[in-house]
**Q** 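Would you mind keeping the following structure in view while I ask a few things?
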Amino acid sequence: MRLPRAVGLTALSGALYGLAFPPVGWWPLAWVALAPFLAAVAASSRRRAAGLGIVLGVTLSYGVGTWMPDAVVNYYQQSVVVGVAMFFACALWQAAWQYALFAVGERRCLATPRAATPLVVAAGWTAAEVARVHVPFGNPWALLGYSQTAAPVVVQVADAAGVFGVGFVVMTVNAALACWWTARAASPPARRGAMRGLTIAALLVVAVLGYGAFRLRTEAGKPGRPALPVVAAQANLDLGAQWKSEFYGANLAAYTDLTLTATRERPAAVVVWPESALTFFLEREPTYAAYLARVAGAAAATLVTGGPRVLADAGREEFRNAAFLVSPRGATRLVYEKGRLVPFAEYFPLAGATLLRRQFGKVREFTPGATQAPFPTPLGLAGMMICNEAMLGAEAIDRVRRGAAWLVTLTNDSWVGRRQYAEIALAMVRLRAVEVRRWLVRSSTSGPSAMIDPVGRVVDVLPFDRSGVVRADVAPREDRTLYARLGDAFAWSCVAVTLVAVLARRGRRGG
């Protein structure tokens, strides 16, 4: 295969991958999107396969990250050149080399297909995605399995294998199609192997769909504790990327109006405000604390809200990205501190990277928190996650293991200000509900805010760039899924299988 055609097929895969995600959201494309890339890899040398993996990493990253250069410009107040450079740096580090290793490792397997080839290739892809997540400054953004959250019957397998399991199934089909295509003019054994691979992929899809249909039917009727009404507010107020003195105490009127109007229309047991809803230090402001107590009392609801926290030690101040619980009786005793911070956005791992330091007044950067206990609410313990924490299955597992009966995620999508980012973030969060079988309430500054049931269906949603509330009757649960018990055991088994397969191939060549 000529180089221009190979590069073109790889770029096509990256583009189709992006179209499978919101805001376009043509999720069936994910089942075929990567087949052109795999076919090109099968006909390539080792060096070319590595190059194609890099091309895929960059094009795929842009397909799901068109928002990023603009976000760098707005958030860090830098030039477009810096924004583009940051995009390429992130794409190369967080996706490109992982897919280059995948392409090199699976090249011969794809070129000589056997019945198990689609499964072996899918395991290799899963290993590459694990590397994406767990490399330093890694990022789970738009892993393959997240493309399927709009198809609840497909993603129910996540309660056993997480997002990696969903991606494994989708990649198995891509690999089977690529093997069938490349084996058309190959030897009869290769053609037979490719056809058997297609059969295995089809059987896997049937099994996953059957399991999904079973779960959708049984989970909906599963008995549990009584449901209670919950409201999440979205004020859609943009206070900019910087913390400015003129914004101190802003937002309260808007969130108060949304809350009191919603609870007058229909009572709620819990009201949720998003990350950064408070633009002041609650524990140092008794006047504001009393105000929030009056709001919670007037609403007759427990209030959960995000805001900054400042702690002083020996004259040195530390800032935490936090959530607070205010009871209807006005007590503000419980605090959650975000433990997993975003590098270069909430903390600065490279001390000399002054170019990327935001200047947002008093709060320059956050320190990881030490308090992640669930909040006691009328619905039972609420597992709190702030922003990117909800993009990681391990965080939801941690909350459930701490006793969480439902999940709450507070997020600030205003800093990016792009619909693509916000909608992909929601798609990713939806899978947390499936993985641990919990209701998940998402409150966002600018949307989408949503109520998500334990099978990943969006019960109520407020679109991006709108103001209002979402509500649902949320039922707490105490059972634990296989995924909540074992975590990413399936994903790590794919890593082990991939390493064994690569070593075995090298051993055969050496012999």
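We use all heavy atoms of the structure for the numbers below, so side chains are in, but hydrogens, waters and symmetry mates are not.
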**Q** Hey, does Phe37 have a side-chain heavy atom less than 4.5 Å from the side chain of Val55?
**A**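 No, their side chains stay 4.5 Å or more apart.
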**Q** Please report the C-alpha distance between Leu38 and Thr182 in whole Å, then the side-chain angles of each, then the deciding distance to 0.1 Å, and finally whether the side-chain contact (heavy atoms from CB on, under 4.5 Å) criterion is met.
**A** CA-CA 9 Å; Leu38 297 176; Thr182 57; over 6 Å; no
**Q** Just do the ring-ring contact (aromatic ring centres under 6.0 Å, His included) check on Phe87 and Tyr62 with the steps written out, would you?
**A** CA-CA 8 Å; Phe87 162 77; Tyr62 186 72; 5.7 Å; yes
**Q** Given Asp159, which partner from the list Thr481, Leu482, Val455 fulfils the side chain to side chain contact (heavy atoms under 4.5 Å, CB included) test?
**A**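 That would be Thr481.
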**Q** Run the salt bridge (Lys or Arg N to Asp or Glu O under 4.0 Å) test against Glu275 and tell me which residues pass, sequence neighbours left out.
**A**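 Checked Glu275 against salt bridge (Lys or Arg N to Asp or Glu O under 4.0 Å); zero matches.
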**Q** Do the side chain of Gln148 and the main chain of Val154 share a donor and acceptor less than 3.5 angstrom apart?
**A**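 No, the answer is negative, given that no donor and acceptor are paired below the 3.5 Å cut-off.
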**Q** Go through it in stages, so that I can follow the logic: the residues are Arg442 and Arg432, the test is side-chain contact (heavy atoms from CB on, under 4.5 Å), and I'd like the CA-CA distance, side-chain angles, deciding distance and then a yes or no.
**A** CA-CA 11 Å; Arg442 184 179 197 259; Arg432 301 291 84 81; over 6 Å; no
**Q** Heavy atoms only: give me the nearest Ala425-Met391 pair and the separation to one decimal.
**A**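 In terms of heavy atoms, the two residues are closest at CB-CE, 3.8 Å.
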**Q** Is the backbone N or O of Gly193 less than 3.5 Å from a side-chain atom of Arg196, with the two atoms forming a donor-acceptor pair by type?
**A**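 Such a contact is absent between Arg196 side chain and Gly193 backbone.
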**Q** Does the side chain of Thr445 pick up a donor-acceptor pair with the side chain of Asn412 at under 3.5 Å?
**A**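 Judged by distance alone, the side chains do pair up.
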**Q** Just wondering, more than 12 heavy atoms not from Arg466 lying within 6.0 Å of its CZ?
**A**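 For Arg466, atom CZ is not crowded (no more than 12 foreign heavy atoms under 6.0 Å).
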**Q** Return the OG1 to CZ distance between Thr66 and Arg419, rounded to the nearest 0.5 Å.
**A**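 It is 11.5 Å, given to the nearest 0.5 Å.
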**Q** If you look at every heavy atom in Val459 and Trp439, which pair is closest and at what distance?
**A**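 Scanning both residues completely, I find the closest heavy atoms to be CG2-CH2, 3.6 Å.
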**Q** Is the closest side-chain heavy-atom distance between Gln156 and Leu216 below 4.5 Å?
**A**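 Gln156 vs Leu216: side chains touch.
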**Q** Is there a donor-acceptor contact under 3.5 Å from the side chain of Arg215 to the main chain of Val157?
**A**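 Flag not set: sc Arg215 to bb Val157 has no pair under 3.5 Å.
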**Q** Without swapping roles, check the side chain of Ser443 against the backbone of Ala233 for a donor-acceptor pair under 3.5 Å.
**A**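 Pair found, side chain donor or acceptor close to backbone of Ala233.
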**Q** Distance from Leu410 atom CG to Lys338 atom NZ, nearest 0.5 Å?
**A**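 Those atoms lie 10.5 Å apart.
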**Q** Between Asp398 and Arg340, does at least one N-O distance fall below 4.0 Å, as a salt bridge requires?
**A**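 Salt bridge between Asp398 and Arg340, a charged N being under 4.0 Å from a carboxylate O: no.
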**Q** Under 3.5 Å, is there a donor-acceptor pair between the side chain of Arg430 and the main chain of Thr149?
**A**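 The answer is yes, because a donor-acceptor pair under 3.5 Å joins these two groups.
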**Q** If you take all heavy atoms of Ala194 and Cys179, which pair is closest and at what distance?
**A**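 Closest pair (atom of Ala194, atom of Cys179, distance): CB-O, 3.7 Å.
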**Q** Between Ser61 and Ala91, is there a donor-acceptor pair closer than 3.5 Å when you use the side chain of the first and the backbone of the second?
**A**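 No; zero donor-acceptor contacts below 3.5 Å.
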**Q** Provide the closest heavy-atom pair for Val434 versus Ala158 in the form atom of the first, atom of the second, distance.
**A**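 Looking at all heavy atoms of both residues, the shortest contact is CG1-CB, 4.1 Å.
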**Q** Keeping Glu389 on the side-chain end and Leu341 on the backbone end, is there a donor-acceptor pair under 3.5 Å?
**A**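 Side chain of Glu389 to backbone of Leu341, a donor-acceptor pair under 3.5 Å: no, none is there.
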**Q** Do Phe164 and Trp492 have ring centroids that are under 6.0 Å from one another?
**A**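 Distance test on ring centres: not under 6.0 Å, no.
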**Q** Could you tell me if the side chain of Val130 sits less than 4.5 Å from the side chain of Gln98, heavy atoms only?
**A**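 No, too far: nothing below the 4.5 Å cut-off.
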**Q** How far apart are the closest heavy atoms of Ser449 and Gln234, and which atoms are they?
**A**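 The answer is OG-OE1, 2.8 Å.
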**Q** So Asp465 and Ser446, do their side chains get closer than 4.5 Å, heavy atoms only?
**A**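 No; the side chains remain at least 4.5 Å from each other.
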**Q** Below 4.5 Å, heavy atoms only, C-beta onward: do Val169 and Trp31 meet side chain to side chain?
**A**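 Answer yes - side chains close enough.
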**Q** Quick check on Trp67: does its CH2 atom have over 12 non-hydrogen neighbours (other residues, nucleotides or ligands) under 6.0 Å away?
**A**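 Above 12, so yes.
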**Q** I need the full list of salt bridge (Lys or Arg N to Asp or Glu O under 4.0 Å) pairs touching residues 61-90, with sequence neighbours left out, sorted by first then second residue.
**A**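 Qualifying pairs, neighbours excluded: Asp70-Arg418.
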**Q** Short question: side chain of Arg107, backbone of Val41 - any donor-acceptor pair under 3.5 Å?
**A**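 Judged by distance alone, no pair lies under 3.5 Å.
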**Q** Between Phe490 and Phe168, how do the two ring planes meet: parallel, tilted or perpendicular, split at 30° and 60°?
**A**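 Taking Phe168 first and then Phe490, their aromatic rings stand perpendicular (interplane angle over 60°).
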**Q** Taking atom OH of Tyr17 and atom CG of Leu12, what is their separation to the nearest 0.5 Å?
**A**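 If we round to the nearest 0.5 Å, Tyr17:OH and Leu12:CG are 15.0 Å apart.
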**Q** Is a donor on one side and an acceptor on the other found under 3.5 Å between the side chain of Asn174 and the backbone of Leu34?
**A**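 Side chain of Asn174 to backbone of Leu34: a pair is present.
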**Q** Quick one, Phe319 with Arg309, criterion side-chain contact (heavy atoms from CB on, under 4.5 Å). Give me CA distance, side-chain angles, the key distance, then yes/no.
**A** CA-CA 6 Å; Phe319 302 98; Arg309 189 184 197 199; over 6 Å; no
**Q** Once you measure the plane-to-plane angle for Trp125 and Tyr99, does it fall in the parallel (<30°), tilted (30-60°) or perpendicular (>60°) bin?
**A**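 Parallel.
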**Q** State whether the number of non-hydrogen atoms from other residues, nucleotides or ligands found under 6.0 Å of Arg401 atom CZ is greater than 12.
**A**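 Yes, CZ of Arg401 has more than 12 neighbouring heavy atoms, counting only those of other groups under 6.0 Å.
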**Q** Sequence neighbours excluded, which residues qualify as side chain to side chain contact (heavy atoms under 4.5 Å, CB included) partners of Ile200?
**A**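 Residues passing side chain to side chain contact (heavy atoms under 4.5 Å, CB included) with Ile200: Ala115, Leu119.
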**Q** To the nearest 0.5 Å, tell me how far Leu177 CG sits from Thr172 OG1.
**A**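 It comes to 11.0 Å.
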**Q** Please assess Val120 against Val497 for the test side-chain contact (heavy atoms from CB on, under 4.5 Å), listing each intermediate value before the final yes or no.
**A** CA-CA 8 Å; Val120 174; Val497 167; 5.7 Å; no
**Q** Would you give the length of the straight line joining atom CE of Met385 to atom CG of Leu392, rounded to the nearest 0.5 angstrom?
**A**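 Nearest 0.5 Å value for the CE-CG distance: 9.5 Å.
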**Q** Any idea which heavy atoms bring Arg48 and Ala6 closest together, and the distance?
**A**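 The pair with the smallest heavy-atom distance is CD-CB, 4.5 Å.
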**Q** More than 12 non-hydrogen atoms from neighbouring residues, nucleotides or ligands closer than 6.0 Å to CH2 on Trp97, yes or no?
**A**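 Above 12, so yes.
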**Q** Is atom CZ of Phe88 surrounded by more than 12 heavy atoms (other residues, nucleotides or ligands) closer than 6.0 Å?
**A**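 Not more than 12 within 6.0 Å, no.
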**Q** Is a donor on one side and an acceptor on the other found under 3.5 Å between the side chain of Glu435 and the backbone of Val163?
**A**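 It does hold such a pair.
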**Q** How far does OH of Tyr421 sit from CG of Leu426, to the nearest 0.5 angstrom?
**A**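 Here the rounded value is 11.5 Å.
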**Q** Find out whether Val441 and Leu407 are in side-chain contact, i.e. whether some heavy atom of one side chain is under 4.5 Å from a heavy atom of the other.
**A**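 No, side chains not in contact.
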